[in-house]
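Inspection log for the structure reproduced underneath, given as structure tokens.
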Amino acid sequence: MNLQAIRAIYLFEMARTFRTIWQSIVSPVISTSLYFIVFGAAIGSRIETVEGVSYGAFIVPGLIMLTVLQQSVTNAAFGIYFPKFVGTIYEVLSAPVTVIEIVIGYVGAAATKALMIGLIIFATAHLFVDLPIVHPVWMIAFLVMTTFSFAMLGFILGIWAKNFEQLNLVPMLVITPLVFLGGSFYSITMLPPVWQTITLFNPVVYLISGFRWSFFGTADVPVAASLAAIALFAGLCLLAIWAIFRTGWRLRS
Amino acid sequence: MSSIVSVQGLTKVFPGGLKALKGVDLEIEEGEVLALLGPNGAGKTTLISIICGLTTMSGGRVTVGGHEITRDFRAARELIGLVPQELHVEGFEKVINTVRFTRGLFGKKPDDALIEQILMDLALWDKRNEKIIELSGGMKRRVMIAKALAHEPRVLFLDEPTAGVDVELRQSMWQVMRGLKDRGVTIILTTHYIEEAEAMADRVGVINHGELLLVEETGPLMTRMGRKTLTVDLSAPIDAVPGPLAARGVELGNGGTSLVYTYDTAAEQTGITDLLSDIREAGLHLADLHTRQSSLEDIFVDLVNGSTR
Ligand SMILES: Nc1ncnc2c1ncn2[C@@H]1O[C@H](COP(=O)(O)OP(=O)(O)OP(=O)(O)O)[C@@H](O)[C@H]1O
Ligand SMILES: [Mg+2]
């Protein structure tokens, strides 16, 4: 393992993050607060409880996931797209580093930032609602697994993207709908049976369900299924990244 | 002498079918400075990019320090430093941070004393805390050189390091290169400036259309490149070169209306003064005269045509 390289990439990326830390934090905090006001206060006054949890609290895991997923994907995508865009990627490609080291460095930094923002939103949520956490260790575990696996997805996106439009398009067009339709603001048991079945093909359902279970002890799908889904997703991403570096797709001429 | 870089039968076909390298064989000795010359599109950058891992090879075998560059890429790449032809910088980073980054990326422990020395040598120390975007083009290029040196490479590839660099800076870069050479670093540089090859290189390689046409010691090659031809236009055509002139190797040109004399600019005596007095003694009248330096392009053309003057 070239630990120095992992460290160098990670610290370099984190330094970039901290240069723009206020932008990175302010916008998710504001948008989360808005969600609380609109969904929690307005709708929550009509829906008293979902599965025995107050609606305001019920949406917290989904809200955190929404931002964390977007952040993981965009951070990682930007982290690798930018050097590709300005050409400094030549250094990474000519360095004595393996794919795994590159991924740990870039994806680790992107995931760290997303995780920090997730925790900040979590803290913000406390200002609005009472939040019990049944399984705190699992809550952190789900958060970490999610940030890492979606940061890998973002990493692939960053390598694939040929311009900034494409870079923005995927999180907008794919991630956001998947999260909204993945039970962020409702329990999928509230849906008609047909839609329940369709929803099960949405990977985000498993994340949110598992994450919500760590808060309230109730889940839409079995926790084991959530874990399996994340593992499968992370494995596929890793495989894709390995193949990309193996063939040099969009990286080497 | 053992080769530190060994290239055997290297080929590169770009998607789209362009054959950028057509079987290049090249042995580079440890500690030497090799200059690669060749017109635009010859394949210089492609060759360097393959050795450094930026471009995949289509066929052949390359080793650096005895390590095959794809199978044993970690060991091979640790030895290599690269300054690419294009300027690639992360504008918002501070100079010193990007240099430190490169060192880490290549697996070396932080060493602030060394980084300071490198930045001093490249006259960048005063700029160390500035954002790269605020530097001039020549300074940016020096930052890229500093990055390439940060991990103490044993083989340094410089792809047109002095393109677009002012005379003074060029001199100081040559100084840096000499310092590296003295420390035993092997340097491979590409350039379009013959003076640069002459000043720096132990050997010169000429590439054209993806083929390495020759690799030769700089001295003899420069002598050949340093040739000039003097053409003397006569006011009236003659049938044969008069005896004393013929003895000097003067040839008849342009249907007998001119005399052509080839000489070596590097020689002590070019023989021009004697030539001119011989012409006068032969009773010939000059209409005009002009000289022409045989250029690198001439050498390329000659090489491609298979006839080296
Ligand atoms: N990524 C690429 N895809 C397709 N063709 C390429 C690519 N890169 C280079 N080429 C072609 O390969 C040939 C060799 O290019 P290369 O950059 O190696 O030339 P060079 O000798 O470095 O020229 P210069 O002196 O202009 O830098 C050229 O014909 C070029 O158009
Ligand atoms: Mg080139």
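In what follows, every heavy atom counts, from backbone to side chain, and hydrogens, waters and symmetry copies are set aside. Chain letters run A, B, ... following the sequence lines, proteins first, then strands; residues in each count from 1. For clarity, every value in this text was computed on a predicted model and none was experimentally measured.
- Atom NZ of B:Lys140 has more than 12 neighbouring heavy atoms from other residues, nucleotides or ligands inside a 6.0 Å radius.
- In the displayed structure, B:Trp125 atom CH2 is contacted under 6.0 Å by more than 12 heavy atoms of other residues, nucleotides or ligands.
- When heavy atoms are compared at a cutoff of 4.5 Å, B:Ile80 does not approach chain A at all.
- Note that CZ of A:Phe12 and OG1 of B:Thr98 are 6.0 Å apart. Values are rounded to the nearest 0.5 Å.
- No more than 12 heavy atoms of other residues, nucleotides or ligands shown are found within 6.0 angstrom of NZ on B:Lys94.
- Side-chain atoms of B:Phe101 and A:Leu11, non-hydrogen and from C-beta on, never get closer than 4.5 Å to each other.
- In this structure, the separation between OG on B:Ser49 and OH on A:Tyr90 is 11.5 Å, given to the nearest 0.5 Å.
- Remark: of the listed residues A:Arg19, A:Arg16, A:Lys84, A:Arg16 is the sole one forming a salt bridge (Lys or Arg N to Asp or Glu O under 4.0 Å) with B:Glu90.
- Across all non-hydrogen atoms, the minimal contact from A:Val97 to B:Phe73 is O-CE1, 3.2 Å.
- Annotation: the span from B:Ile50 atom CD1 to A:Ser253 atom OG amounts to 8.5 Å, rounded to 0.5 Å.
- Between A:Glu91 and B:Lys147, some side-chain heavy-atom pair lies under the 4.5 Å cut-off.
- Open room surrounds CE on A:Met172; 12 or fewer heavy atoms of other groups in view lie less than 6.0 Å from it.
- Both the backbone and the side chain of B:Lys109 come within contact range of chain A, with heavy atoms under 4.5 Å apart.
- Other residues, nucleotides and ligands place more than 12 heavy atoms under 6.0 Å from the CZ atom of B:Phe14.
- At least one donor-acceptor pair under 3.5 Å links the side chain of B:Arg77 to the backbone N or O of A:Ala95.
- Annotation for A:Ala8 and B:Leu105: closest pair CB-N, 3.7 Å, computed over non-hydrogen atoms.
- Counting heavy-atom neighbours within 6.0 Å of B:Arg128 CZ, excluding the residue itself, gives a total above 12.
- Residues B:Pro110 and A:Gln4 meet the side-chain proximity criterion, which asks for heavy atoms closer than 4.5 Å.
- Looking only at distances, no side-chain donor or acceptor of A:Arg252 sits under 3.5 Å from a matching main-chain atom of B:Thr55.
- Going from atom CD1 of B:Ile132 over to atom OG1 of A:Thr88 covers 9.0 Å, rounded to the nearest 0.5 Å.
- In terms of heavy-atom proximity, A:Val86 sits nearest to B:His88 at O-ND1, 3.2 Å.
- Counting heavy-atom pairs closer than 4.5 Å to chain A, the top residue among B:Glu86, B:Lys108, B:Lys12 is B:Lys108.
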